[in-house]
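A short worksheet on the structure shown next.
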Amino acid sequence: MDIKNTQYNLVYNQIAKSLEEAINALGNEIDLSIEDISKSLSIAPNMKMGHIAFGCFQLAKQLKKAPPQIASEICEKLVVPNTVSEAKVVGPYLNFFISPKGLGEDYLSTVLDESLFKQKLFADDSRVMIEYSQPNTHKVLHVGHMRNLCLGNALVRLCRYSGLDTLAVTYPGDMGTHVAKCLWYLKYKETSEAPKENKGAWLGEIYAKSNALLEDEKGTDKEDKNREQLTAILKELHSEQGPFYDLWKETREWSIELMKESYQWADVEFDRWFFESEVDAKSLEYVNELYKQGVLVKDQGAIGMNLEEDKLGFCLLVKSDGTGLYSTKDVELAKVKFEEFNVDHNVYVVDNRQAFHFKQVFKVLEKVGFEKSKNCFHLEYAMVDLPDGAMSSRKGNIIPLLDLVSQMEETIKTNYLQKYLDDGSWTKVEVEKTATQIANGAIKYGMTKIDNNRKIVFDMNEWLKLDGDTGPYLQYVYARINSLSNKLSSQATSAVDWSLLTKDQEVALMVKLITFNDIAASCAKQLKTINLCSYLFELGKLFNSFYAECPIGKAETPELLSTRLALAKSCGLIMKNGLSLIGIEAPEKM
């Protein structure tokens, strides 16, 4: 997405302003804006040599001088801001050491009063639509679907946090061959009645049975009859009348109810549910109209567009039997999205197996004159496997999401929380709530910490560990800070004096905290979550190092206790808000 950043990092802004004034004081006209300077600032790799670094390489060509000389000349003219204690030349870099006092007063105060989390991070007023979670009815949401759900949910939260007007939509597949197979089995093969509860999950089992039976009967004398029956069902659904259409409406609701139950557990809400069925007939009408206008071509009874000059082959839009395809509906859906919501950017969170499909769809939209086609973006991601291989609803080798959730919550209660129930320190309600939060955090963090292009292998036991790069580890860091705050707040009676924070672990933690909004905005702009997860994991490690080396409860003075506790609270608030951007709730205790 082409989103314009605003300048939101207070510390970087102050340093960039000082640098701009110093560079201008050199007497040369430099083509380098304050925004460019701010973007060039970064956390220095060696805290002994400085905390924030500015490389002078970009000025070498304009000033016709070596970067180390430029760094020295700028340093002579520099007046450091309140958040900086010293500027130091290190080769071609000008490194800045933060001032704990200035940083605490100017920045950490905005963390503690939580105004930091209400800043607008983009100067762009674009309206963004993010379409994610496209489950099929008549199947079951399983752990493999969670990457899409968790990634899309996190991106919606990141975009909204950054100040973008963001719409979350879903596009369930409630039409097609998979539905016909399920209805076919219910009508002709299934002898038992539907259960009174968990009908959606039962329907998923019926689909797996139907697919297995149809595969078994391929090549037999039953194959032709099966195909005829499936075709008849699809035509009846398209005509929107008849017994199969009535059965479809009934069973569809069972699936939607199961989807909503899963979304409620995941704390996911959509502004709009688009259904495949609502664009089915309209998409065919639109494509046939385009054919009449001469925009599309017919080949052996099928209608489509030749995209060979774009190296995209032939995009089939209407089959020879008159029925549409996914591409047909996606062309219509794109039009509906922009027309109904007047969005500027339309993001499709769909796995990388559909990359060619979306290239074809977007190219068709472009060639039929749909101007907003350039604002459609397919966000690809790799699939989720189990340790023993890929999952498939057709084969039935899946872990239904809600079954997995139940299993994870029982494991958490048994391994971690039962002791609190046994000693009477926690109520059963607290145990149940925390188990849900930890299971939720384990899945969401595991699904968002990996780069979009890398495959994920789901391993429940690994993801539930309280140490290492996991959601429960980060939740535990927050719970630990919250416990400290509750325990020591009564002792923090002195005023906070940020200048007392001089130890390496204290300063390293403070420096890490200042980049939170940078990371959030960057993730929103790039439509990636990996950097936020990495940031939170690094923050957790830095806090634990600080906590081990810088005692809070046993601090030498009341002033130091109060100040270290304020730093810990700042870290806790950043951790809590960071987890929230991934959709993870931070438990008050663990």
- Step by step, would you call Arg564 with Glu506 a salt bridge (Lys or Arg N to Asp or Glu O under 4.0 Å)? CA-CA 8 Å; Arg564 283 179 175 169; Glu506 295 167 332; 2.7 Å; yes
- Looking at side-chain heavy atoms only, is the closest gap between Gln119 and Asn517 below 4.5 Å? yes
- Message: Quick one, Asp267 with Arg157, criterion salt bridge (Lys or Arg N to Asp or Glu O under 4.0 Å). Give me CA distance, side-chain angles, the key distance, then yes/no.
- Response: CA-CA 12 Å; Asp267 191 24; Arg157 289 169 179 265; 3.3 Å; yes
- Message: Does atom NZ (Lys335) have a neighbourhood of more than 12 heavy atoms from anything else shown, all under 6.0 Å?
- Response: yes
- Would you call the rings of Tyr132 and Phe270 parallel, tilted or perpendicular, where under 30° means parallel and over 60° means perpendicular? tilted
- Lys/Arg-Asp/Glu bridge criterion (N-O < 4.0 Å) met for Glu105, Lys101: yes
- Message: For the backbone of Leu513 and the side chain of Tyr107, can you confirm whether one donor and one acceptor N or O come within less than 3.5 Å of each other?
- Response: yes
- Message: Counting neighbours of NZ on Lys359 that are heavy atoms of other residues, nucleotides or ligands and sit closer than 6.0 Å, is the number greater than 12?
- Response: no
- Item | CA sep, side-chain torsions, deciding dist, call: Phe338, Cys376, side-chain contact (heavy atoms from CB on, under 4.5 Å) | CA-CA 10 Å; Phe338 283 100; Cys376 292; 3.6 Å; yes
- Task: Taking all non-hydrogen atoms of both residues into account, name the closest pair between Gln475 and Gly441 and its distance.
- Result: NE2-CA, 4.0 Å
- Any Leu116 side-chain heavy atom under 4.5 Å of Leu573 side chain: no
- Item | Where Val90 and Met49 come nearest, the two heavy atoms and their spacing | CG1-CE, 3.6 Å
- Message: With heavy-atom distances below 4.5 Å as the criterion, would you say the side chains of Thr83 and Ile514 are in contact?
- Response: no
- Task: May I have the step-by-step check of salt bridge (Lys or Arg N to Asp or Glu O under 4.0 Å) for Glu21 and Lys77, ending in yes or no?
- Result: CA-CA 8 Å; Glu21 292 172 355; Lys77 302 288 185 181; over 6 Å; no
- Over 12 foreign heavy atoms within 6.0 Å of NZ, Lys528: no
- Task: Applying side-chain contact (heavy atoms from CB on, under 4.5 Å), run through Tyr381 and Arg454 and close with a yes or a no.
- Result: CA-CA 7 Å; Tyr381 63 88; Arg454 284 182 54 202; over 6 Å; no
- Flag yes if more than 12 heavy atoms outside Gln62 fall under 6.0 Å of its CD atom; otherwise flag no. yes
- Between atom OG1 of Thr502 and atom CD of Gln505, what is the distance when rounded to the nearest 0.5 Å? 10.0 Å
- Message: For Gln14 and Asn82: C-alpha separation, side-chain torsions, deciding distance, then whether side chain to side chain donor-acceptor pair (under 3.5 Å) applies.
- Response: CA-CA 8 Å; Gln14 290 182 349; Asn82 186 47; 5.9 Å; no
- Task: Using only heavy-atom distances, determine whether the side chains of Thr563 and Glu559 contain a donor-acceptor pair under 3.5 Å.
- Result: no
- Query: Closest approach of His378 and Asp351, non-hydrogen atoms and distance?
  - Reply: NE2-O, 3.6 Å
- Distance, nearest 0.5 Å, that separates CZ of Phe97 from NZ of Lys48: 10.0 Å
- Message: For Glu549 and Lys503: C-alpha separation, side-chain torsions, deciding distance, then whether salt bridge (Lys or Arg N to Asp or Glu O under 4.0 Å) applies.
- Response: CA-CA 9 Å; Glu549 299 298 326; Lys503 287 195 172 185; over 6 Å; no
- Hey, can you tell me if Phe57 and Tyr93 have their rings parallel, tilted or perpendicular (30° and 60° cut-offs)? perpendicular
- Message: A cation-pi test, strictly: NZ or CZ of Lys337 under 6.0 Å from the centre of the six-membered ring of Tyr348 and no more than 45 degrees from its axis. Yes or no?
- Response: yes
- Task: Please check if the side chain of Thr166 supplies one atom and the backbone of Leu164 the other of a donor-acceptor pair under 3.5 Å.
- Result: yes
- Task: State whether Glu430 and Lys433 are salt-bridged, where the test is any N-O pair (Lys NZ or Arg NE/NH1/NH2 against Asp/Glu carboxylate O) under 4.0 Å.
- Result: no
- Message: Within the structure provided, determine whether Asp469 and Tyr473 are in side-chain contact (heavy-atom separation under 4.5 Å).
- Response: no
- Message: Using a 6.0 Å cut-off, check whether atom OH of Tyr476 has over 12 heavy atoms from anything other than its own residue.
- Response: no
- If you round to the nearest 0.5 Å, how far is OG1 of Thr448 from CG of Asn153? 10.0 Å
- Query: Does the side chain of Thr170 reach to within under 4.5 Å of the side chain of Trp273, using non-hydrogen atoms?
  - Reply: yes
- Task: Go through Lys589 and Trp426 one step at a time and tell me if the side-chain contact (heavy atoms from CB on, under 4.5 Å) criterion holds.
- Result: CA-CA 10 Å; Lys589 58 182 181 178; Trp426 287 32; 3.5 Å; yes
- Which pair of non-hydrogen atoms, one from Tyr12 and one from Ser38, has the smallest distance, and what is that distance? CB-OG, 3.7 Å
- Message: So does Arg127 get a backbone contact from the side chain of Asp344, meaning a donor-acceptor N/O pair under 3.5 Å?
- Response: yes
- Message: I'd like to check Leu581 versus Phe516 (side-chain heavy atoms, cut-off strictly below 4.5 Å). Are they in contact?
- Response: yes
- Near Asp31 CG, under 6.0 Å, is it more than 12 heavy atoms from other residues, nucleotides or ligands? no
- Between the CD1 atom in Ile43 and the CD1 atom in Ile98, the distance rounded to the nearest 0.5 Å is 8.5 Å
- Message: Can you see whether Ser580 engages Asn577 through a side-chain donor-acceptor pair at a distance of less than 3.5 angstrom?
- Response: no
- Give the intermediate values and the outcome of side-chain contact (heavy atoms from CB on, under 4.5 Å) for residues Asn415 and Leu464. CA-CA 10 Å; Asn415 293 351; Leu464 283 176; over 6 Å; no
- Item | Salt bridge flag under 4.0 Å for residues Arg160 and Asp271 | yes
- Task: Quick one: closest heavy-atom pair of Ser18 and Val80, and the distance?
- Result: OG-C, 4.3 Å
- Note on the structure: For Asn531 and Cys523, the nearest pair of non-hydrogen atoms, with its separation, is CB-SG, 3.9 Å
- Run the ring-centre check on Phe370 versus Phe362 and record whether the distance is less than 6.0 Å. no
- Message: Rounded to the nearest 0.5 Å, what separates atom NZ in Lys465 from atom CG in Asp459?
- Response: 8.0 Å
- Task: Measure the OG-CD distance between Ser133 and Glu131 for me, rounded to the nearest 0.5 Å.
- Result: 9.5 Å
- Message: Do the side chains of Lys363 and Glu366 get close enough for a salt bridge, i.e. N-O under 4.0 angstrom?
- Response: yes
- Query: Between Ile582 and Leu536, is any pair of side-chain heavy atoms under 4.5 Å apart?
  - Reply: yes
- Query: Between Ser483 and Asn486, is a side chain to side chain donor-acceptor pair (under 3.5 Å) present by the stated rule, with each step listed?
  - Reply: CA-CA 5 Å; Ser483 176; Asn486 291 336; over 6 Å; no
- Query: Can you find a heavy atom in the side chain of Pro92 that is under 4.5 Å from one in the side chain of Pro68?
  - Reply: yes
- Task: Would you mind telling me which of Gln58, Lys65, Lys64 makes a side chain to side chain contact (heavy atoms under 4.5 Å, CB included) with Ile70?
- Result: Lys65
- Please state whether the rings of Tyr161 and Phe117 are parallel, tilted or perpendicular, taking 30° and 60° as the class boundaries. tilted
